[in-house]
Asker: 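Before anything else, here's the structure in question.
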Amino acid sequence: EHVRCLAKVVAQDDERYAVVYGLDDTEHKRLEATRRDFVANVSHELKTPVGAIGLLAEALLESADDVESVRHFGQRVVGETKRMGRLVSELLALSRLQEGDTPEFTPVGVDELIDDALSAATLTAEAAAIELRSDDPIGATIRGDRLLLLTALNNLITNAIAYSPPDTVVSISRRIIKIDGRPMVAIAVTDRGIGIARADQQRVFERFFRVDQARSRMTGGTGLGLAIVKHVAANHGGTINLWSEPGTGSTFTLCIPEDLSDMDWST
Ligand code: ADP
């Protein structure tokens, strides 16, 4: 995905020099294969909800006289349609991120960002009987795309809720830490859920990778959430880390460089 370009000076036959950034052969082939895999994955992922909606619509037609069945199948059509809508909008977000298309970065208050993410997750948490907890504000600022950062945080929080049993706690904490001497804002989302086996810990950040297909589908997942988080982190010059133990829970930590441009340097 991180395309390394080879610069080649192609035309030097007049005063105007044209510099063309091209890919070498192996890179071309690798990209082509990645693209083919991606298209195959997307087609497969879209086929599933489309197929389900078709079957549900048939069932609806056949049970037209039975109000209970109509309600049941109707609700499932709505559910599948929503999931497909999410899939399409997440695909769009991901492809924009992969094209390196980063809209204007502005200063973003970390505490406000966390508050907004928590508000957005309140209903989902209540429905799943999960208690959301967060620590005290730290007054830090990062530079970035507010909406993308919010999406990343939301993905982490909704996953934490989706992969935890009822009556457990999901907590969000924030710190300023130094990585290679550089101040970074670390936002950690911790759950007491099912956890992720070591062998899968890298893979969960891949597009469409799921530990358990059935469970992810049941929770309305698209398999793109963590791929988006990874790209948002990279586009902001940051990182995403995962600590997890099956049966104990998981902690995802998003680290983004602190914005020091507004710092008062006067003595
Ligand atoms: P999905 O839409 O399936 O949740 P994600 O990309 O967000 O897609 O996550 C990929 C997979 O990683 C999930 O299907 C799940 O198996 C696993 N996963 C993500 N977050 C957690 C978590 N907090 N606890 C346990 N497993 C998780």
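The first residue in the sequence is number 1, and the count goes up from there. Ligands are counted one by one from 1 in listed order, and the atoms in each one are counted from 1 as well.
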Asker: Does some side-chain heavy atom of R146 sit less than 4.5 Å from a side-chain heavy atom of D116?
Answerer: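 Heavy-atom side-chain distance check passes, below 4.5 Å.
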Asker: Among all protein heavy atoms in this structure, tell me which lies nearest to atom 3 (O) of ligand 1, with the distance rounded to 0.1 Å.
Answerer: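 Among all protein heavy atoms, the one nearest atom 3 (O) of ligand 1 is S216 OG, 2.6 Å.
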Asker: What's the shortest distance from atom 16 (O) of ligand 1 to any protein heavy atom, and which residue and atom give it?
Answerer: V211 N, 3.1 Å
Asker: Give the numbers and elements of all ligand 1 atoms closer than 4.0 Å to a heavy atom of T222.
Answerer: 2 (O)
Asker: Step by step, work out the side chain to side chain contact (heavy atoms under 4.5 Å, CB included) result for L242 and F205.
Answerer: CA-CA 10 Å; L242 166 59; F205 294 98; 4.2 Å; yes
Asker: At less than 4.0 angstrom from any non-hydrogen atom of F252, what atoms of ligand 1 do you find?
Answerer: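 Checking each atom against F252, I get 20 (N), 23 (N).
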Asker: Identify the closest protein heavy atom to atom 12 (O) of ligand 1: which residue and atom is it, and at what distance?
Answerer: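 For this ligand atom, the closest protein heavy atom is V204 CG1, 3.2 Å.
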Asker: In the protein, what heavy atom is nearest to atom 21 (C) of ligand 1, and what distance, to one decimal place, separates them?
Answerer: Y163 CD1, 3.5 Å
Asker: Above 12 or not: heavy atoms from other molecules or residues under 6.0 Å from CZ of R76?
Answerer: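 Incorrect, the count does not exceed 12.
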Asker: How close does the nearest protein non-hydrogen atom get to atom 26 (N) of ligand 1, and which residue and atom is it?
Answerer: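 Its nearest protein heavy-atom neighbour is I196 CG1, 3.3 Å.
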Asker: More than 12 foreign heavy atoms under 6.0 Å from CD of E131: is that the case here?
Answerer: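 Yes - once you tally the heavy atoms of other residues, nucleotides and ligands closer than 6.0 Å, there are more than 12.
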Asker: In this structure, does ligand 1 have an atom that sits under 4.0 Å from one of the heavy atoms of N155?
Answerer: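 No heavy atom of N155 comes that close to ligand 1.
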Asker: With the side chain counted from C-beta on, respond yes when F208 and L224 share a heavy-atom pair under 4.5 Å apart, and no when they do not.
Answerer: yes
Asker: For residues V232 and L254, determine if any side-chain heavy atom of one lies less than 4.5 Å from a side-chain heavy atom of the other.
Answerer: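 Sidechains of L254 and V232: no contact.
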Asker: For atom 9 (O) of ligand 1, find the nearest protein heavy atom and state the residue, atom name and distance (0.1 Å precision).
Answerer: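 Result: L226 CD1, 3.6 Å.
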Asker: Name each donor-acceptor pair under 3.5 Å that joins a side chain in residues 180-197 to protein atoms two or more places apart or in another chain, with its distance.
Answerer:
from : atom 1 : to   : atom 2 : distance (Å)
T190 : OG1    : T251 : OG1    : 3.0
D191 : OD1    : G193 : N      : 2.9
D191 : OD1    : S250 : N      : 3.1

Asker: Under 4.0 Å from any heavy atom of G195, which atoms of ligand 1 are there?
Answerer: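 This gives 25 (C) as the contact atoms.
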Asker: Do you know the tightest heavy-atom contact between T222 and R83?
Answerer: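 Scanning both residues, the minimum pair turns out to be CG2-O, 4.3 Å.
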Asker: Which residue owns the protein heavy atom closest to atom 23 (N) of ligand 1, what's the atom, and how far is it?
Answerer: D191 OD2, 2.8 Å
Asker: Indicate yes or no: does an N/O atom of G223 lie under 3.5 Å from an N/O atom of ligand 1?
Answerer: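 Between G223 and ligand 1 (N or O atoms, distance only) the closest approach is under 3.5 Å.
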Asker: Is S250 in contact with ligand 1, taking contact as a heavy-atom separation below 4.0 Å?
Answerer: yes
Asker: Run the numbers for me: atoms of ligand 1, each under 4.0 Å from some heavy atom of G225, listed by number.
Answerer: 5 (P), 6 (O), 7 (O)
Asker: Is there a chain of hydrophobic side chains (I, L, V, M, F, W, Y, each step under 4.5 Å between heavy atoms) that links I157 to L150?
Answerer: yes
Asker: Would F205 count as a contact of ligand 1 if the rule is a heavy atom under 4.0 Å away?
Answerer: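 F205 does not count as a contact of ligand 1 under the 4.0 Å cut-off.
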Asker: Any chance you could lay out the side chain to side chain contact (heavy atoms under 4.5 Å, CB included) test for H236 and I142, step after step, and finish with the verdict?
Answerer: CA-CA 9 Å; H236 285 77; I142 49 189; over 6 Å; no
Asker: Could you identify the single nearest non-hydrogen protein atom to atom 10 (C) of ligand 1 and state the distance to 0.1 Å?
Answerer: F209 O, 3.3 Å
